[in-house]
Amino acid sequence: MRVPPTIFLTCSINLEPEMACGDGPDDTSLRVAWEKFCNDLKDAGLATFKNANPADPLQRADAFRFLTQNLGQAFDLALETRDPAFPQIHPFVTPTRKLGGDLADFTYRQAWIDGSRTYRITGRKGSARWLNVTVQGPRPATIPDTDWRSLHEPFGDIPQCNILGSQIKGDAQGDFELFVGGAPRPCNWLPTTAGSRKLFIREAFDDWDETPTTLTIEALDMAGARPLPTPGRMIEAMEWAGTFITGVMRDWPEHAWQTSHGVCDPNALNAFPSGRIANDAADVKRGRMAAHMVWKLEPDEALIVEMDMHPGFWIFGMGGAFMGSMDFLYRPVSYTPGRTHIDTDGVVRLVLAHDDPGVHNWLDTQGFREGNLTYRNLLTQDAAQFRTKLVARENLLDHLPGDTAYVTPAEREKMRRDRYRAIKRRYGI
């Protein structure tokens with residue numbers, strides 16, 4: 001039998017810029033901007049190996065995942081949603097995109113605005129327990145009254161005013177209009193200043209059957225189609241995106257360690273720093289109180305976290321080394337009042353462990369040996385009282401009260417599916 005001849009195809013790629021059509025007037029500037037962005041990206045990648053990220057295969061990989069997730073939204077923030085004359089609401093965080101300091105049971109959205117314009121937000125109220133829309137003002141180079149650098153873009157700006165979902169008036173179906181800027185209105189209005197630059201929209205969920213608030217935004221003076229980006233605009237976007245991605249990798253988690261006044265203390269392992277609660281004037285406008293714990297668990301250890309039950313809407317959420325939320329779509333990494341078993345002594349007990357101990361209130365470490373646990377309280381000023389106990393994993397159950405709630409593997413799987421379906425509904429995915 002005759003064997004057909006082997007045919008080899010070869011190709012070459014000329015990495016030098018193609019000059020056949022001549023250089024464009026902005027080519028040099030575009031090349032320089034692009035090369036700088038690529039160098040910024042390379043520098044961001046090196047931050048995955050910093051001391052704050054454990055030299056553990058899973059956590060090294062997670063650091064690169066954190067980087068690439070934010071690379072994916074860098075130009076959405078820098079270019080695609082950046083023009084305040086044609087605003088869009090951008091989701092910061094999804095199950096596949098995390099930012100430092102996000103919590104699993106929050107959704108986070110923003111829209112760039114111009115304080116001299118008037119905007120109309122239209123939407124329909126969901127049933128989520130908490131919604132807060134904040135106007136953010138100028139972003140100073142340093143945190144006011146300190147010499148600490150402000151958190152990376154698009155954060156670090158100063159909250160100016162806010163409105164809670166409970167203050168937004170809607171019709172019988174929950175449909176509403178909220179105006180931002182322009183002349184004062186008797187209700188459903190947020191004032192702006194010349195320095196107002198964005199809206200920050202956070203919504204928090206308790207029970208799995210709660211639904212999200214739908215929102216869309218437009219500038220009242222919008223006219224015509226949005227102009228296409230010019231080379232100059234593209235260069236600005238490359239600069240902003242490069243600064244954003246390097247800032248993300250530089251600032252988390254060290255910025256919180258430095259600037260939280262002891263709320264986030266890496267030296268207080270496996271404990272919430274005593275008496276340290278974030279609750280200043282800016283926190284009030286954000287509508288929250290916050291506490292934080294840095295944890296470290298060996299494979300044969302577990303950590304019991306106790307909090308005396310108190311009124312309000314509180315949330316516990318797990319985070320990795322860069323303080324981005326853990327895999328909240330598939331894993332039990334967060335708890336709220338509506339989904340937590342409270343022991344008969346009035347104590348909330350959560351168990352951090354690398355494997356499922358069969359305890360209802362299990363917080364999955366997803367195999368990470370180090371991470372963060374964050375607490376938020378949204379509706380009251382009740383100060384939480386925390387206690388922690390590091391125990392041997394094999395003796396964990398000996399340290400829990402007799403009325404601890406346990407779940408079977410089938411019940412755990414149902415809990416996992418309830419979580420999965422609720423999270424997908426929140427994000428429309």
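All heavy atoms count here, side chains included; hydrogens, waters and symmetry mates do not.
Under 3.5 Å, the side chains of D206 and T336 contain a donor-acceptor pair of N or O atoms. Using modelled atom types and a 3.5 Å distance limit, the side chains of S334 and D105 yield a donor-acceptor pair. In the model, T122 has no side-chain atom that pairs as donor or acceptor with a side-chain atom of T216 under 3.5 Å. No hydrogens or angles considered: nothing links the side chains of Q69 and T96 as a donor-acceptor pair under 3.5 Å. A donor-acceptor pair shorter than 3.5 Å can be found between the side chains of D102 and S325. H354 and T365 share a donor-acceptor pair across their side chains, judged by distance under 3.5 Å alone. Side chains of E203 and T213: a donor on one and an acceptor on the other come within 3.5 Å. For the residue pair Q73/N70, the side-chain donor-acceptor check at 3.5 Å is satisfied. Of the N and O atoms on the side chains of W252 and H152, at least one donor lies less than 3.5 Å from an acceptor on the other residue. Side-chain N/O atoms of H360 and E411 include no donor and acceptor closer than 3.5 Å.
Closest heavy-atom contact between K50 and M249: NZ-O, 2.6 Å. Of all heavy-atom pairs spanning F176 and N188, the tightest one is CB-ND2, 4.4 Å. Across all their heavy atoms, F313 and P337 have their closest contact at CD1-CD, 4.0 Å. Considering all non-hydrogen atoms of both residues, F322 and A63 come closest at CE1-CB, 3.5 Å. Counting all heavy atoms, side chain and backbone alike, D40 lies closest to T243 at OD2-N, 4.3 Å. Summarising the geometry of V305 relative to M293, their closest heavy-atom pair is CG2-CE, 4.1 Å, with the distance given to 0.1 Å.
Ionic pairing of R387 and D308 is present here: one or more N-O contacts between side-chain nitrogen and carboxylate oxygen are shorter than 4.0 angstrom. Between R82 and E153 there is no salt bridge, since no side-chain N of the basic residue sits under 4.0 Å from a carboxylate O of the acidic one. One finds no salt bridge joining R226 and D83 here, because no Lys/Arg side-chain nitrogen approaches an Asp/Glu carboxylate oxygen to under 4.0 Å. Under 4.0 Å is where a charged nitrogen must lie from a carboxylate oxygen, and between E298 and R369 no such pair does. Remark: D251 engages R149 in a salt bridge, criterion side-chain N to carboxylate O under 4.0 Å. Taking the charged nitrogens against the carboxylate oxygens, D300 and R393 have no contact shorter than 4.0 Å, which rules out a salt bridge. Salt-bridge formation is not detected for the pair R339/D207: no Lys NZ or Arg NE/NH1/NH2 atom is positioned less than 4.0 Å from an Asp or Glu carboxylate oxygen. Salt bridge K414/D418: present, at least one basic N to carboxylate O contact under 4.0 Å.
In summary, the aromatic rings of F205 and W130 are positioned with their centroids too far apart to meet the 6.0 Å limit. A ring-centre distance under 6.0 Å is not found for F92 and F106. Less than 6.0 angstrom separates the ring centroid of F316 from the ring centroid of Y375. Under the 6.0 Å cut-off for aromatic ring centres, F244 and F37 do not qualify, their centroids lying 6.0 Å or more apart.
Not a single side-chain hydrogen bond (donor to acceptor under 3.5 Å, both in side chains) links T192 to another residue, sequence neighbours left out. For F368, the ring-ring contact (aromatic ring centres under 6.0 Å, His included) criterion is met by no residue, not counting sequence neighbours.
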Test salt bridge (charged side-chain N to carboxylate O under 4.0 Å, His left out) applied to R331 and D364, step by step: CA-CA 7 Å; R331 297 173 181 271; D364 188 351; 2.9 Å; yes
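At distances below 3.5 Å, not a single donor-acceptor pair connects side-chain atoms of R233 with backbone N or O atoms of L228.
Around atom CH2 of W148, more than 12 heavy atoms belonging to other residues, nucleotides or ligands sit under 6.0 Å away. Sparse packing is recorded around CZ of R65, with 12 or fewer heavy atoms of other residues, nucleotides or ligands lying under 6.0 Å away. Around atom CZ of F179, more than 12 heavy atoms belonging to other residues, nucleotides or ligands sit under 6.0 Å away.
For the atom pair CD1 (I201) and OG1 (T134), the distance works out to 9.0 Å, reported to the nearest 0.5 Å. A distance of 11.5 Å separates CD1 in I158 from OG1 in T193, rounded to the nearest 0.5 Å. Between atom CZ of residue F86 and atom CE of residue M222 there is a gap of 7.0 Å, rounded to the nearest 0.5 Å. To the nearest 0.5 angstrom, E306 atom CD is 8.5 Å from L400 atom CG.
In this structure, R202 is positioned above the aromatic face of F200, its NZ or CZ under 6.0 Å from the six-membered ring centre and within 45° of the axis.
In this structure the side chain of P54 never reaches within 4.5 angstrom of the side chain of K296, judged on heavy atoms.
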